[in-house]
Amino acid sequence: MDLGLRGKAAIVTGGSRGVGRAIADSLLREGARVMISARDPKRLEATRAALERETGGEVRATAADLRHDAKARSLIEATLKAFGRLDILVNNAATVMPADFTTLTEERWAEVFEQKLNGYVRCLRYAVPAMKGRGWGRIINLSGLAAREGGSQTIPVGVNNVAVLNLTKCLAFALARDNILVNAVVPYIIDTNIQDETMRRFAALTGRPEADIRKERVADLAVGRMGRPEEVADVVTFLASERSSYVTGAAWHVDGGACRSI
Ligand SMILES: NC(=O)c1ccc[n+]([C@@H]2O[C@H](COP(=O)([O-])OP(=O)(O)OC[C@H]3O[C@@H](n4cnc5c(N)ncnc54)[C@H](OP(=O)(O)O)[C@@H]3O)[C@@H](O)[C@H]2O)c1
């Protein structure tokens, strides 16, 4: 299947590792030009160089902490300068972790939204006008299964991820007539840094061994194993492509069958 991605210009936030890195890799292999972004400039540049070497694609990097509006604006501006256009935005950067709700102070609660949702909104604020100008766009927002399945320690994760789903659905309606399609991807237990840290947090919050937590959570997956970042990237790449032209406002689960509801 020709995905029609050759020459398209994409941003992948949180592209320095994990799921974001795999998405950047996949888009590059399909011929898209990709701007990756994250906070740590050293790791970002190392990933950029590795992706360039491994895929032979055109990949740039801009360090940006998306908790700041000016950084999001600079990221979109740098992309437009580098590629002359912006066709695809993958909102993926996040640091949101499980926490005990009762110990979240007013300040920590405000931070909860900075860790994911607000960064996505900032990128959208500057990316959407650029896409509207060309009459074509694809936006993919990484959510997570805690959006749909509640847990006593996953309130910060869940409120971010459910807000991302609502944002996705509403924007899909707002932008469809501009030929900009907006979809969410809903991963669960993908083998990355955030997942390792999540396991450690669950162990600390429950006072149980991390190995037991890991075993139980993986056993709960229908497929009986953790997901790989590349398995999320394949779905995102389809949604970013010309081939997804009748798909908008949807939430695509990549969760190893963990979600029990229909
Ligand atoms: N892995 C899973 O099992 C899982 C499950 C459900 C949902 N998800 C979602 O999937 C997405 C990717 O997760 P992942 O597992 O790939 O995470 P990860 O391995 O921890 O990577 C996170 C990426 O985001 C960047 N980042 C974090 N905070 C940032 C900020 N404020 N500004 C800019 N960049 C920032 C990180 O780089 P720096 O630290 O250098 O900034 C890194 O590149 C996230 O939205 C996550 O919530 C993952």
Side-chain angles (χ1 to χ4, degrees), residues 11-26 34-48 50-51 61-76 89-98 111-123 140-149 151 154 156-165 167-168 184-202 213-214 217-218 220-221 225-233 235-236 251-256 258-259:
I11 294 175
V12 181
T13 71
S16 67
R17 66 184 177 195
V19 170
R21 188 199 195 282
I23 294 168
D25 182 283
S26 175
V34 178
M35 175 70 80
I36 58 170
S37 176
R39 289 167 302 179
D40 180 343
K42 271 196 187 149
R43 186 168 51 216
L44 184 66
E45 176 49 29
T47 301
R48 191 209 65 75
L51 286 169
T62 300
D65 184 340
L66 297 172
R67 290 173 297 181
H68 305 287
D69 185 70
K71 298 289 181 188
R73 191 176 61 221
S74 305
L75 170 60
I76 309 304
L89 170 66
V90 182
N91 268 325
N92 165 80
T95 48
V96 60
M97 286 292 146
E111 266 176 42
V112 160
F113 296 98
E114 291 302 319
Q115 291 163 352
K116 184 161 182 168
L117 176 71
N118 292 353
Y120 284 21
V121 169
R122 290 183 185 109
C123 289
I140 299 100
N141 297 320
L142 273 288
S143 175
L145 194 59
R148 294 212 156 110
E149 301 204 342
T154 54
V157 188
V159 293
N160 264 288
N161 286 332
V162 78
V164 167
L165 293 187
L167 177 70
T168 300
V185 169
V186 184
Y188 186 61
I189 312 213
I190 310 300
D191 195 1
T192 67
N193 174 75
I194 226 173
Q195 192 51 242
D196 285 343
E197 184 57 29
T198 299
M199 298 286 188
R200 281 194 287 275
R201 290 286 177 103
F202 276 131
I213 302 270
R214 190 174 281 267
R217 296 185 78 222
V218 171
D220 197 40
L221 301 167
R225 66 165 176 86
M226 291 178 101
R228 296 187 306 274
E230 299 73 31
E231 293 174 306
V232 183
V235 174
V236 172
W252 289 52
H253 282 233
V254 187
D255 64 3
C259 185

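Every number for a ligand or one of its atoms is a count from 1 in the order of the listing. It should be emphasised that the depicted structure is a prediction, and the values quoted were computed from it without experimental measurement.
Annotation: ring-ring contact (aromatic ring centres under 6.0 Å, His included) contacts of Phe113 (sequence neighbours excluded): Trp109.
When non-hydrogen atoms are compared, ligand 1 lies under 4.0 Å from neither the backbone nor the side chain of Arg21. By the criterion of a heavy-atom distance under 4.0 Å, both the backbone and the side chain of Ile194 are placed next to ligand 1. Counting heavy atoms closer than 4.0 Å to ligand 1, residue Ala64 contributes backbone atoms (N, CA, C, O) but none from C-beta onward. Residue-level proximity to ligand 1 for Arg43 is carried by the side chain, the only part with a heavy atom below 4.0 angstrom.
Note: no N/O pair closer than 3.5 Å links Asn161 and ligand 1 by distance alone. Looking at Tyr188 next to ligand 1, no N or O pair under 3.5 Å apart turns up.
Annotation: side chain of Lys116 is in contact with side chain of Asn161 (closest heavy-atom distance under 4.5 Å).
Of all atoms in ligand 1, listed by their number and element, those nearer than 4.0 Å to a heavy atom of Lys116 are 9 (C), 44 (C), 45 (O), 46 (C), 47 (O). Counting atoms of ligand 1 from 1 in the listed order, those under 4.0 Å from a heavy atom of Asp40 are 40 (O). With ligand atoms numbered from 1 in the order given, ligand 1 contributes 3 (O) to contacts under 4.0 Å with heavy atoms of Ile189. Ligand 1 places these atoms under 4.0 Å from at least one heavy atom of Thr95: 27 (C), 28 (N). Residue contact check: Tyr120 has heavy atoms under 4.0 Å from atoms 45 (O) of ligand 1.
Between the side chain of Asn92 and the backbone N or O of Thr13 there is at least one donor-acceptor pair closer than 3.5 Å. Put simply, the side chain of Ser26 never gets that close to the backbone of Ala22: no donor and acceptor are under 3.5 Å apart.
Among all non-hydrogen protein atoms, the one lying nearest atom 32 (N) of ligand 1 is Leu66 N, 3.0 Å.
For atom 22 (C) of ligand 1, the nearest non-hydrogen atom from the set Gly18, Ala94, Ala146, Ala63 comes from Ala94. The closest non-hydrogen atom to atom 1 (N) of ligand 1, taken over Asn118, Asn193, Asn141, Thr192, comes from Thr192. Between the choices Ser16, Gly15, Gly144, the shortest heavy-atom distance to atom 36 (C) of ligand 1 belongs to Ser16. Residue Gly14 holds the heavy atom nearest to atom 23 (C) of ligand 1 of all those in Ser143, Gly14, Gly119.
None of Val90, Asn91, Asn118 except one satisfies the side chain to side chain contact (heavy atoms under 4.5 Å, CB included) rule with Cys123; the exception is Asn91. With Gln195 as reference, Arg217 is the one residue of Arg200, Arg214, Arg217 to meet the side chain to side chain donor-acceptor pair (under 3.5 Å) rule.
Closest heavy-atom contact between Arg43 and Ser16: NE-OG, 3.8 Å.
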